[in-house]
Amino acid sequence: MAIFIVLLGPPGVGKGTQAKILAQAKNLAHISSGDLFRENIKNQTELGKHAKLFIDKGELVPDDVTIDMIRERLSRPDCKPGAILDGFPRTPVQADALEKMLAEFNGQVNVVPYITAPESIVVGRISGRWTCRSNGHIFHQMFNPPKADGICDIDGSELYQREDDKVETVTIRIRVYLEQTIPLVDYYRKTGKLVEINGAQAVEQVSRDLCLAVNN
Ligand code: AP5
Ligand code: MG
């Protein structure tokens, strides 16, 4: 049966960083809703133009648009064995929709690692982040610097700072997270699938804890 892992946690805690490592280790697809939106914005699709209106303000893209985008992504063949979901679901409506979608694909959410860290740490991580233009690879000027300034180690493409990583927008993203996504912690705790992970550790240690959590 397919394996679906939902990564929960505040902006900047390291969901994308860990999802990439875990997806490779477990040979599963990595589905990042934020990366999918950014891809659409880069390609100037209708979806991208619509999503940008919300993302630039630090708000959530409406549920219906987001759910349709994820449904399409989940239907692709690379998701047959399962996927790491990074940034989706983010509201109870999205979580309910995910249950229904996975049932269609003969799957279910197996485990929900909830990565936490104090706000001061996540803000520091976001402010030093550099993201690769082609494939969303993630670097940090202090904690994970690229070998050459401004160039992705993995695919050689340009590194950029996300539009929504401005301090004012980050403050809104954190507030939106607390208001709209935190209810999912209880939602998944009740299912017995939630596992808390201390995200305030080095990348390698978080990965080890995460591996243990998903393999149990
Ligand atoms: P999204 O792209 O999902 O952003 P986010 O949730 O705010 O999370 P981030 O990507 O900022 O952080 P992360 O946890 O992935 O951390 P990362 O690994 O990069 O969403 C963006 C926007 O899209 C939303 O605001 C919303 O508008 C829209 N959207 C997306 N999904 C949606 C949905 N489902 N519904 C509606 N709207 C949606 O790490 C951060 C930095 O820290 C990096 O520099 C990294 O190198 C560094 N780092 C990582 N781990 C460590 C560590 N352990 N130690 C030191 N440094 C570390
Ligand atoms: Mg991310």
Q. Which pairs count as salt bridge (charged side-chain N to carboxylate O under 4.0 Å, His left out) when at least one residue sits in residues 207-216, sequence neighbours excluded?
A. none
**Q.** Spacing of CG belonging to L8 relative to CG belonging to L184, to within rounding of 0.5 Å
**A.** 6.0 Å
Q. Do L47 and V65 have side-chain heavy atoms sitting under 4.5 Å apart?
A. yes
**Q.** For the student: nearest non-hydrogen atoms of L22 and C211, plus distance
**A.** CD1-SG, 4.3 Å
Q) If you draw a 6.0 Å radius around CG in N215, do more than 12 non-hydrogen atoms from other residues or ligands fall strictly inside? A) yes
Q | Criterion side-chain contact (heavy atoms from CB on, under 4.5 Å) on L159 and T131, from CA distance to verdict | A | CA-CA 5 Å; L159 298 179; T131 303; over 6 Å; no
Q) Closest heavy-atom contact between I121 and A200? A) CD1-CB, 3.7 Å
Q. Got more than 12 heavy atoms from elsewhere within 6.0 Å of NZ, K42?
A. yes
Q) Are side-chain heavy atoms of D155 and H137 found at a separation under 4.5 Å? A) yes
Q: Using the side-chain hydrogen bond (donor to acceptor under 3.5 Å, both in side chains) rule, collect all pairs that involve residues 172-183, keeping only residues at least two apart or in two chains.
A: D165-R173
Result block: side-chain N/O donor-acceptor pairs under 3.5 angstrom for residues 101-118, not counting sequence neighbours:
unit_1: N110; atom_1: OD1; unit_2: F4; atom_2: N; d: 2.9

Q) How would you list, by chain and number, every residue that makes a ring pair (Phe, Tyr, Trp, His ring centres under 6.0 Å) with F143, sequence neighbours excluded? A) H140
**Q.** Minimum side-chain heavy-atom gap L85-L7 below 4.5 Å
**A.** no
Q: Working to the nearest 0.5 Å, report the span between CD1 of I126 and NZ of K166.
A: 13.5 Å
Q. Do other residues, nucleotides or ligands put more than 12 heavy atoms under 6.0 Å from Q24 CD?
A. no
Q: Could you tell me the separation between the CD1 atom of I84 and the CD1 atom of I5, rounded to the nearest 0.5 Å?
A: 4.0 Å
(Q) Under a 3.5 Å cutoff, is there a donor and acceptor pairing between the side chains of Q18 and S207? (A) yes
Q) V203 and V123: same hydrophobic cluster, using ILVMFWY side-chain contacts below 4.5 Å? A) no
Q.
One pair to check against side-chain contact (heavy atoms from CB on, under 4.5 Å): N198 and V206. What are the steps and the verdict?
A. CA-CA 7 Å; N198 175 9; V206 179; over 6 Å; no
Q. Taking all non-hydrogen atoms of both residues, which atom of S33 and which atom of M69 are closest, and how far apart?
A. O-CE, 3.7 Å
**Q.** Counterpart residues, side chain to side chain donor-acceptor pair (under 3.5 Å), relative to T45 (two or more places apart)
**A.** N40
Q. Closest heavy-atom contact between P145 and D153?
A. O-OD2, 4.5 Å
(Q) Grouping I, L, V, M, F, W and Y whenever their side-chain heavy atoms are under 4.5 Å apart, do F88 and L178 come out in a common cluster? (A) yes
Q.
Would a single hydrophobic cluster contain both V176 and F37, if residues Ile, Leu, Val, Met, Phe, Trp and Tyr are joined by side-chain heavy-atom contacts under 4.5 Å?
A. no
Q.
Are the side chains of V170 and P11 in contact, using a 4.5 Å heavy-atom criterion?
A. no
**Q.** CD1 on I67 to CD on E72, rounded to 0.5 Å
**A.** 15.0 Å
Q: Just jot down the side chain to side chain donor-acceptor pair (under 3.5 Å) partners of K20, sequence neighbours excluded, or say none.
A: none
Q | M1 atom CE, over 12 foreign heavy atoms within 6.0 Å | A | yes
Q. Does the R76 side chain pair with the main chain of R73, one donor and one acceptor, at a distance under 3.5 Å?
A. no
**Q.** Contact summary for I41 and G48, nearest pair of heavy atoms
**A.** CG1-O, 3.5 Å
**Q.** Residue pairs fulfilling ring-ring contact (aromatic ring centres under 6.0 Å, His included) with at least one residue in residues 45-79, sequence neighbours excluded
**A.** H50-F54
Q) Between D164 and R162, is the closest basic N to carboxylate O distance under 4.0 Å? A) yes
Q: Any pair with a residue in residues 133-146 that passes salt bridge (charged side-chain N to carboxylate O under 4.0 Å, His left out), sequence neighbours left out, goes on the list, sorted by first then second residue, please.
A: R133-E158
Q. Can you check whether F139 reaches C152 side chain to side chain, under 4.5 Å on heavy atoms?
A. yes
Q) After noting the C-alpha distance and the side-chain angles of W130 and D149, does the key distance pass the side-chain contact (heavy atoms from CB on, under 4.5 Å) rule? A) CA-CA 10 Å; W130 289 91; D149 274 356; over 6 Å; no
Q.
To the closest 0.5 Å, what do you measure between CD1 (I182) and CZ (R90)?
A. 12.0 Å
Q.
According to a hydrophobic-cluster definition based on side-chain heavy atoms being under 4.5 Å apart (Ile, Leu, Val, Met, Phe, Trp, Tyr only), do I55 and L53 belong together?
A. yes
Q: Please assess I70 against L36 for the test side-chain contact (heavy atoms from CB on, under 4.5 Å), listing each intermediate value before the final yes or no.
A: CA-CA 9 Å; I70 296 294; L36 291 172; 4.1 Å; yes
(Q) So I174 and V122, do their side chains get closer than 4.5 Å, heavy atoms only? (A) yes
Q. What pairs of residues pass the salt bridge (charged side-chain N to carboxylate O under 4.0 Å, His left out) test when at least one of them lies in residues 29-41, not counting sequence neighbours?
A. D35-R38
Q: Spell out, as yes or no, whether a donor-acceptor pair under 3.5 Å connects the side chain of R125 to the backbone of V13.
A: yes
Q. Considering residues at least two apart in sequence or located in another chain, which fulfil the side chain to side chain donor-acceptor pair (under 3.5 Å) criterion with T171?
A. none
Q | Pairs flagged by side-chain hydrogen bond (donor to acceptor under 3.5 Å, both in side chains) wherever residues 52-65 is involved - sequence neighbours left out | A | K52-D56, D63-T91, D63-Q94
**Q.** Closest heavy-atom pair and its distance - I151, G156
**A.** CG2-O, 3.6 Å
Q: Under the side chain to side chain donor-acceptor pair (under 3.5 Å) rule, collect the residues that match up with N144, sequence neighbours excluded.
A: none
**Q.** Side-chain donor or acceptor of K193 paired with backbone N/O of V6 under 3.5 Å
**A.** no
**Q.** From CG (L74) to CG (L98), nearest 0.5 Å
**A.** 7.0 Å
